[in-house]
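In what follows, a single structure is set out as structure tokens and then discussed.
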Amino acid sequence: PTNELVRQLFELGGFYRLEKPIGEFKIVTDVTYITSSSVEGGLELPNRLSGKLCSIYLSQPTREELIAMLHSLVDVAVMTDKWDRSTELLMKSLVDKTVSLCHETTSKLKKSSEKFHYTFGMHEACTIIRHVLFWAIGRETLNDLVALWNHECRRELMDKLMCKEHWTILSPILQRVTSEVCVELY
């Protein structure tokens with residue numbers, strides 16, 4: 001049904017309603033279609049649909065490439081916000097810890113058909129670091145930055161979890177990684 005709906009949108013500029021009044025045609029205008037998918041599921045599109053799309057394969061960056069990208073974001077923030085050296089070093093350490101945390105979370109909480117959204121990777125790491133960089137301006141101490149980072153990790157990673165059991169798996173990991181950051185800090 002979803003592929004048929006998309007095909008109708010592409011070919012006919014609208015779709016036939018399946019609810020009452022059944023068969024009424026709804027015209028859709030002024031829309032740009034952008035689609036994406038992961039390769040993991042071995043996505044097979046029907047020929048009628050794949051002929052309407054342009055497929056581009058982008059591989060996930062390696063762990064080192066992701067860390068390098070996020071370090072460059074920190075470098076830009078350092079230049080624009082005039083941070084001191086200790087703040088810069090802490091932020092780069094938080095980048096490393098964030099990527100490690102996402103990697104460890106992915107290995108502990110495996111994706112399945114009912115937990116298809118259990119992906120903890122580039123998107124989550126970038127979101128955490130982006131939010132920390134955005135809200136870091138005006139933070140008084142390095143402890144405030146660590147607390148902000150911990151909050152963003154909880155918000156981004158734990159909000160995806162489906163049950164308390166999964167929360168109890170992730171919570172000690174986050175606590176351990178946060179204590180590692182604090183040990184490095186002092």
* Going through the distances and angles, do His131 and His151 end up as a side-chain contact (heavy atoms from CB on, under 4.5 Å)? -> CA-CA 10 Å; His131 289 167; His151 167 77; over 6 Å; no
* **Side-chain donor or acceptor of Glu124 paired with backbone N/O of Gly121 under 3.5 Å** => yes
* Asked: Can Leu89 be reached from Val95 by stepping across I, L, V, M, F, W or Y side chains whose heavy atoms are under 4.5 Å apart?
  -> no
* Asked: For the atom pair CG (Asp96) and CZ (Arg63), what is the distance rounded to the nearest 0.5 Å?
  -> 9.0 Å
* Co-members of Tyr16 in a cluster of I, L, V, M, F, W and Y side chains, linked at under 4.5 Å -> Leu12, Phe25, Ile27
* Structure fact -> Contacts of His166 meeting ring-ring contact (aromatic ring centres under 6.0 Å, His included) (sequence neighbours excluded), chain-then-number -> Tyr118
* Leu133 side, atom CG; Ile129 side, atom CD1 - distance, nearest 0.5 Å -> 6.5 Å
* Taking all non-hydrogen atoms of both residues, which atom of Leu94 and which atom of Leu145 are closest, and how far apart? -> CD1-O, 4.3 Å
* Structure fact -> What one should report as the nearest heavy-atom pair of Ala125 and Thr98 is CA-CG2, 3.8 Å
* What distance separates Cys102 SG from Leu157 CG, expressed to the nearest 0.5 Å? -> 5.0 Å
* Asked: If only atom types and distance count, is the side chain of Thr105 paired as donor or acceptor with the main-chain N or O of Leu101 below 3.5 Å?
  -> yes
* Roughly how far apart are Lys26 NZ and Phe15 CZ, rounded to 0.5 Å? -> 7.0 Å
* With hydrophobic residues grouped by side-chain heavy-atom distances under 4.5 Å, do Val74 and Val76 end up in a single group? -> no
* Out of curiosity, Trp167 CH2 to Arg154 CZ, how far, rounded to the nearest 0.5 Å? -> 5.5 Å
* Is there a donor in the side chain of Asp84 and an acceptor in the side chain of Thr87, or the other way round, less than 3.5 Å apart? -> yes
* **Joint hydrophobic cluster, Val31 plus Phe10, side-chain heavy atoms closer than 4.5 Å** => yes
* Side-chain heavy-atom pair Leu170, Lys108 within 4.5 angstrom cut-off -> no
* Asked: Should Met91 and Glu88 be marked as a side-chain contact (heavy atoms from CB on, under 4.5 Å) after you check the CA-CA gap, both sets of side-chain angles, and the distance that decides it?
  -> CA-CA 5 Å; Met91 286 303 301; Glu88 177 186 0; 5.9 Å; no
* In terms of side-chain geometry, is the basic nitrogen of Asp75 or Lys92 positioned less than 4.0 Å from the acidic oxygen of its partner? -> yes
* Going from CZ on Arg155 to NZ on Lys160, what distance comes out if it is rounded to the nearest 0.5 angstrom? -> 11.5 Å
* Asked: Quick one: does Glu152's side chain have a donor or acceptor within less than 3.5 Å of a partner on Trp149's backbone?
  -> no
* Is there a side-chain contact between Leu109 and Leu161, using heavy atoms and a 4.5 Å cut-off? -> yes
* Asked: Where do Val177 and Ser100 land on the side-chain contact (heavy atoms from CB on, under 4.5 Å) test, with the steps shown first?
  -> CA-CA 9 Å; Val177 172; Ser100 295; over 6 Å; no
* Asked: Under 3.5 Å, side chain of Ser171 to main-chain N/O of Thr168, donor-acceptor pair present?
  -> no
* To do: Dump the intermediate steps for side-chain contact (heavy atoms from CB on, under 4.5 Å) on His123 and Ile128, then the final yes or no.
  => CA-CA 9 Å; His123 174 76; Ile128 291 166; over 6 Å; no
* Answer yes if the side chains of Thr141 and Asn143 hold a donor-acceptor pair under 3.5 Å, and no otherwise. => no
